[in-house]
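Naming: A, B, ... by sequence-line order, numbering from 1 per chain.
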There are 2 protein chains.
Amino acid sequence: MAARTEDAISDSGTPAGSLRSVATRERILEVAERLFAENGIFAVSNRQVSEAAGQGNNAAVGYHFGTKIDLLRAIVNKHAAPIEQKRKELLADVKGSTDLRDWITCLVRASTDHYNELTGPAWYARFSVQLMADPTLRAVVYEDVSSSELLQKMLGALAACLPDMPDDVRRARGEMARYVMLHMCAERERLLAGEETVEVSSWDDFTTDIVDALVGLWSAPVTR
Amino acid sequence: MAARTEDAISDSGTPAGSLRSVATRERILEVAERLFAENGIFAVSNRQVSEAAGQGNNAAVGYHFGTKIDLLRAIVNKHAAPIEQKRKELLADVKGSTDLRDWITCLVRASTDHYNELTGPAWYARFSVQLMADPTLRAVVYEDVSSSELLQKMLGALAACLPDMPDDVRRARGEMARYVMLHMCAERERLLAGEETVEVSSWDDFTTDIVDALVGLWSAPVTR
């Protein structure tokens with residue numbers, strides 16, 4: 001609370017001050033996402049994030065965001081809005097389709113198009129992998145993202161393409177697909193961030209490769 | 001070092017003492033795996049593990065294992081040996097086969113048969129998911145497990161069933177398959193560990209469902 005008051009005075013409520021505050025928040029979000037992706041969410045303290053963001057006051061994360069969980073949630077929300085916008089556009093493209101591949105493409109591209117549009121190095125997939133893996137964070141931060149209405153609409157249309165598949169098999173394949181998408185994006189980030197020069201496929205080929213594999217996964221005969 | 005000397009005296013080198021020491025190590029490994037799976041690897045301290053294992057000396061983890069990384073490695077090694085044994089048996093069964101499904105079954109069952117044979121509640125898949133997601137731990141603890149010669153033999157035989165597939169596509173699908181297996185096992189653990197009574201498929205059906213999906217994933221046409 002002391003930090004909050006102090007900062008409120010220095011930012012003084014002027015337009016310049018609040019612009020500065022927005023810029024600081026953005027800077028902290030970016031630095032935090034990078035540090036978490038590269039070093040691990042739990043290995044990096046709020047103090048380290050504040051310092052790496054060039055904040056003289058090493059309680060800056062606390063002042064601008066609150067707890068670490070609040071900071072994690074802010075990073076997730078920063079990406080949730082553009083991904084939701086992508087979903088809207090993609091849904092408009094395939095409206096009414098009964099082709100499984102169309103709906104899988106829709107699901108995959110909502111993520112890969114978003115990653116593709118991030119400028120510079122990306123960290124969000126590696127960050128998300130950690131959220132999904134941690135039992136506490138997964139519940140607190142991530143579950144509300146998967147409740148998106150547009151996402152549910154896509155999954156519903158995809159299910160309608162597979163009318164004879166038992167519900168539990170379809171649910172299981174949906175989970176498999178989610179992990180495939182997330183982890184392949186994270187692997188790609190790792191490759192691109194590595195020190196060695198590696199050949200990385202274009203975003204289009206990358207997306208097509210995932211869609212190919214998931215069409216196979218989703219349409220495979222159920223033998224049990 | 002002080003703890004080590006003290007403990008050496010109390011265990012006194014007698015057969016009873018070393019039996020007690022083996023039992024303590026096993027108790028610590030089990031408790032650590034459970035706490036890490038349920039609460040997250042970084043949220044749980046060595047001291048908490050020592051206490052939960054009923055050790056009066058809360059430096060017990062340090063004495064018996066060393067650092068936290070050493071403890072994590074010991075948990076991985078505890079499972080690596082029986083999984084390797086499974087691989088040996090499964091390889092003997094399908095030797096010489098050129099059927100893709102045989103090799104995928106082999107890969108999947110090396111893990112699912114091991115999980116199936118763990119008695120009581122299981123935590124290892126949820127624990128492994130965290131190791132794989134964390135950039136530091138993945139490098140330190142997990143990579144040497146994937147260098148198993150028998151695993152490489154299976155992957156080689158599987159590749160031979162797909163002679164026309166570009167190398168990079170096959171590698172990517174291999175990674176997808178690895179994530180699918182690991183995360184589906186972790187989801188199953190979560191379901192079984194949850195407080196609600198849920199219907200969970202048998203290990204056989206669970207394994208068949210994963211194999212079905214991965215046969216589809218691996219044999220899907222490459223369209224790019």
Side-chain angles (χ1 to χ4, degrees), chain A residues 36-44 101 123 126-138 166 168-169 171-173 175-184 186-188 190 193 199-202 204-224, chain B residues 36-44 101 123 126-138 166 168-169 171-173 175-184 186-188 190 193 199-202 204-224:
Chain A
F36 291 152
E38 291 178 346
N39 304 328
I41 288 175
F42 284 98
V44 176
R101 188 176 181 100
W123 307 285
R126 286 172 288 170
F127 168 82
S128 298
V129 156
Q130 295 175 58
L131 288 189
M132 287 290 287
D134 185 273
T136 311
L137 298 181
R138 181 189 169 94
D168 59 338
V169 173
R171 258 199 310 276
R173 292 187 180 179
E175 281 184 15
M176 295 180 199
R178 183 160 73 146
Y179 286 116
V180 164
M181 286 187 278
L182 180 56
H183 282 281
M184 293 315 286
E187 289 291 344
R188 188 184 165 91
R190 260 180 226 119
E199 214 168 308
V200 180
S201 58
S202 69
D204 270 354
D205 282 350
F206 176 76
T207 302
T208 304
D209 285 351
I210 296 180
V211 170
D212 284 350
L214 293 185
V215 169
L217 180 146
W218 239 307
S219 54
V222 180
T223 71
R224 60 147 136 141
Chain B
F36 291 152
E38 291 178 345
N39 304 329
I41 288 175
F42 283 97
V44 176
R101 188 176 181 100
W123 308 284
R126 285 172 288 171
F127 167 82
S128 298
V129 156
Q130 295 175 58
L131 288 189
M132 287 290 288
D134 185 273
T136 311
L137 298 181
R138 181 188 169 95
D168 59 337
V169 173
R171 259 199 309 277
R173 291 186 181 179
E175 281 184 16
M176 294 180 199
R178 182 160 75 146
Y179 286 117
V180 163
M181 286 187 278
L182 180 57
H183 282 282
M184 294 315 285
E187 290 290 346
R188 188 183 165 91
R190 261 180 224 117
E199 214 168 307
V200 179
S201 58
S202 70
D204 270 354
D205 282 350
F206 175 75
T207 303
T208 304
D209 284 351
I210 296 180
V211 170
D212 284 350
L214 293 185
V215 169
L217 180 147
W218 239 307
S219 55
V222 179
T223 71
R224 60 147 136 142

> Looking at B:D134, B:V211, B:D204, B:D205, which makes the most heavy-atom pairs under 4.5 Å with chain A?
Replying inline: B:D205
> Who wins among B:A43, B:G40, B:A133 for the most heavy-atom pairs under 4.5 Å with chain A?
Replying inline: B:A133
> Is it the side chain or the backbone of B:T223 that comes within 4.5 Å of chain A heavy atoms, both, or neither?
Replying inline: both
> Given a strict heavy-atom distance threshold of 4.5 Å, which part of A:A37 is in contact with chain B: side chain, backbone, both, or neither?
Replying inline: backbone
> Mind checking what makes side chain to side chain contact (heavy atoms under 4.5 Å, CB included) contact with A:A186, not counting sequence neighbours?
Replying inline: A:A125, A:R126, A:V129, A:R190
>> Heavy-atom cut-off 4.5 Å, strictly under: side chain, backbone, both or neither for B:E187 against chain A?
In response: side chain
> Would you call A:D209 and B:R224 a salt bridge, taking side-chain N to carboxylate O under 4.0 Å as the test?
Replying inline: yes
>> Which atoms of A:N39 are under 4.5 Å from chain B, going by heavy atoms: the side chain, the backbone, both sets, or neither?
In response: backbone
> Do you know which of A:H183, A:M132, A:M176, A:E175 makes side-chain contact (heavy atoms from CB on, under 4.5 Å) with B:H183?
Replying inline: A:H183
>> Using heavy-atom distances under 4.5 Å, tell me whether A:R188 contacts chain B through its side chain, its backbone, both, or neither.
In response: neither
> What residues form a side chain to side chain donor-acceptor pair (under 3.5 Å) with A:R173, not counting sequence neighbours?
Replying inline: none
> Which atoms form the tightest heavy-atom contact between B:A213 and A:A220, and what is the distance?
Replying inline: CA-CB, 4.4 Å
>> Quick check for you: among B:V215, B:I41, B:V169, B:D212, which has the greatest number of heavy-atom pairs under 4.5 Å with chain A?
In response: B:D212
